[in-house]
Every structure is written in C-alpha cells, then in structure tokens.
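Numbering of ligands and ligand atoms starts at 1, following listing order. Quick note: residue numbers are just sequence positions, from 1.
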Amino acid sequence: MEKYPTRSKPDSATFAIPRRRLLGFGTVGLLAAAMPSLVGIGTAIAKPTPADERRLKQLVDEAHSRFATVGDGKNADYIPYLASVPSHLFGIAISTPDGKVIEAGDTTYAFAIESVAKVFTLALVMRESGPDIVKQKLGTNATGLPFNSVIALELHQDDPLSPLVNAGAMATVSLVNAANAEDHWRKISDNMNGFADADLPLNQAVYKSESDTNQHNRAIAYLLQTGNHMYSDAMEACDIYTRECSIGITTRDLAVMAGTLANGGVNPISGKRLLDKAYVPKILAEMAVEGLYDTSGTWQYDVGLPAKSGVGGGIMAVSPGNWSIAAFSPPLDAAGNSVRAQLAIAWIADQLKANIYAE
Ligand code: GLN
C-alpha cells in the first residue's frame, strides 16, 4: 500500500507576512500567561508576542504528551486505505492570524481530508450563490443520525438537512457552477488550495480505495436525485465528492485552512480573501450544528467551538476572529471523530478559555 507523502515545512520566510488585524487571542487565558498586567482590561494585541507564541507552543507540546498514549478508538476501515494508516500518528497545529503555525507531533504527515473538505466546498457555494440558496437547498439543521444515514433521507423526503453530512455534501458539490466535470473538479480543488495556500495533492491511492467502495454514497446520490435535491449529474457529484475527500493534507495545512475561517475569510499567510466576511459566521454555524455529526451537540456543550471532523482522523476548530486549531490522529470514536484530536483540541481550548458561549 502506498504511503502518504510527507511534505516538508515551508520556508519560514513564507510566514513573514505583516499582520492586518488585531488579535484578541480569545480571552484572558493566553494573555494571563503572556501579559499579566493587561488581563482584565479587554486589551487586544496587534499580533502574538513572543511570550504568546511560547505559551501556544507549551500548550501544543503538553496536549501532545498528555494524549499521545490514549489507546481508545479505531481507524476507519470501511474505506480500506484508512485502515492501513499508522494509528500512532498524532499532530497538533495552531494557526495565528499573522500567519504563524505553532505545532507539535506528526504535523507534516499528509492524511486524507475526508469530510473536513465539505466545509470548504460549502464556502465555495456560499461565495457563488449566497447564503439563501445554502439555507434553502442544503439546509442548516442536524440530522441527529450518522453522517451516511439513509434513514435521515427517508425521514425527510430526501432532503439532506445539512451540507456537512454525505448527502448534503454531494448536493453541495452539485451546486458548484461548472461547465463540465473537469471544470467542476478544478473549481473545487482551486478553492481548497486557496484556503490552505498550498497545492494540495489528490492522493490517488485513497481515491481508488474510496471509489472502489463508495456504493453506499452512490445510492445516496441517486436518492437525492429522486427527491430533486441533486443539481448536477448525480454520479459526477458523487465522484467529485469522493475526490475532494481524497485530498492529502497535513495538520499544518488544516490549521491554515481553518485559520482562514478564524481570520474572517482571509488566508492568514497569503492575505487573499476566500470568503466574504459576512458569510463566515454562517459556515461556522453549520459546523457547530453538524461538524461532529451525531455528537456535535455534546462537543458544543463540552468545548464550545465550531469544529469539523473527517474519518481520516483530522479535526479543525475555529476561535472566531482569532486562531484555529487542527489535530490529526487516525483512531475514531463511534461517531467517526478522532479520539486524540478531540481530546487535544478540547484541552487546549479550555486552557485558552476559548468557549464562544462564555463571556
Ligand atoms: N469519504 C467519506 C465518506 O463519504 C467521508 C466521511 C467522513 O469523513 N465522515 O464516507
């Protein structure tokens, strides 16, 4: 079995981009450690100070050492390739709005983005067609059922309810304005590359493994078509959805992609706008509602950050207007969310007092 390629770290010069906006760093947590004299007066800092960066580095290192030995969960195996990915891999990365990535563990290992891709194609459709179409055609509610549930479709006249379950994600792909299949794929991959500020590779071994075994998704695509919730050729949408899930990303790529959402739609490294600022909260709301599937509510209750997982073991979480965290480790819980990635993100978010529902 082909191994995922590992990408080396970009040259540090890539990150020497002047920052463009104030960094609040969430709340007192980080400032408390870094700048005790300013805590409590709501001071925003123009960019993370060296002390902030040291604090973030301590946090990612400590999260890595706390949770690396957690043995719960199991790699996804309904996509054969995913079962072969070494289960011990574990990476954590934080992206700051001034384009830095602070990381620990296996952050240059390229894994399959899987369902995290759904968020970025949703952003593309939002950009092309606006939030009303997203609400009407893709939905804004949780299914309360697993991400590939056919029962959810049966219960709702083949309406996917959310763009972040498989059905809704294929409908999302089908809504992209494209002249033909090639143009369709190019638009989706260019969009993801913009979010990552990288030329993300399609992992052919993952794509083959998924294409050989995606009969269930093909059935879902046809059900969407019968219910008039599919807006391009159903098999074209299913195939392009399968390809977007097979893109190889590193934990640091994922942090930057999430960082673009944390940074109001502007990539923190390239400075390019990928999404209108007004649409970002709508994407984050979709993530809060269905980002971790049937345990999304529990995640909001416990952690209080919009997040999105994929069965490749990646999870990204966004502190709106501030930073993002990505973590990757293949073993999943019963809902399909990485066990170690959830633990690491939850712990770091708690240390930074990042819960969006708290004052
Ligand atoms: N490609 C996977 C599927 O369609 C993605 C699922 C996921 O990451 N939850 O089943």
Per-pair distances, 0.1 Å, donor-acceptor, side chain in residues 302-310, under 3.5 Å, sequence neighbours excluded:
residue: K308; atom: NZ; partner: G291; partner atom: O; Å: 3.1
residue: K308; atom: NZ; partner: Y293; partner atom: OH; Å: 3.0
residue: S309; atom: OG; partner: N337; partner atom: OD1; Å: 2.6

Short N or O separations between ligand 1 and the protein, below 3.5 Å:
residue: ligand 1; atom: 1 (N); partner: E114; partner atom: OE1; Å: 2.7
residue: ligand 1; atom: 1 (N); partner: E210; partner atom: OE1; Å: 2.9
residue: ligand 1; atom: 4 (O); partner: N166; partner atom: ND2; Å: 3.1
residue: ligand 1; atom: 4 (O); partner: N217; partner atom: ND2; Å: 2.8
residue: ligand 1; atom: 4 (O); partner: Y241; partner atom: OH; Å: 2.7
residue: ligand 1; atom: 8 (O); partner: S115; partner atom: N; Å: 3.1
residue: ligand 1; atom: 8 (O); partner: S115; partner atom: OG; Å: 2.7
residue: ligand 1; atom: 8 (O); partner: V311; partner atom: N; Å: 2.8
residue: ligand 1; atom: 9 (N); partner: S115; partner atom: OG; Å: 2.9
residue: ligand 1; atom: 9 (N); partner: Y293; partner atom: OH; Å: 2.9
residue: ligand 1; atom: 10 (O); partner: Y78; partner atom: OH; Å: 2.7
residue: ligand 1; atom: 10 (O); partner: N166; partner atom: ND2; Å: 3.2

May I have the list of side-chain donor-acceptor pairs in residues 133-147 shorter than 3.5 Å, sequence neighbours left out?
residue: T143; atom: OG1; partner: L145; partner atom: N; Å: 3.1
residue: T143; atom: OG1; partner: L145; partner atom: O; Å: 3.1
residue: T143; atom: OG1; partner: E290; partner atom: OE2; Å: 3.4

Partners meeting ring pair (Phe, Tyr, Trp, His ring centres under 6.0 Å) with F195 (sequence neighbours left out): F120
Would you say T172 and L175 make side-chain contact, with heavy atoms under 4.5 Å? no
Are the side chains of I247 and N203 in touch, meaning some heavy atoms are under 4.5 Å apart?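 I247 does not reach N203 side chain to side chain.
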Looking at Y301, I'd like to know if its OH atom is crowded, meaning that more than 12 non-hydrogen atoms belonging to other residues, nucleotides or ligands lie closer than 6.0 Å. no
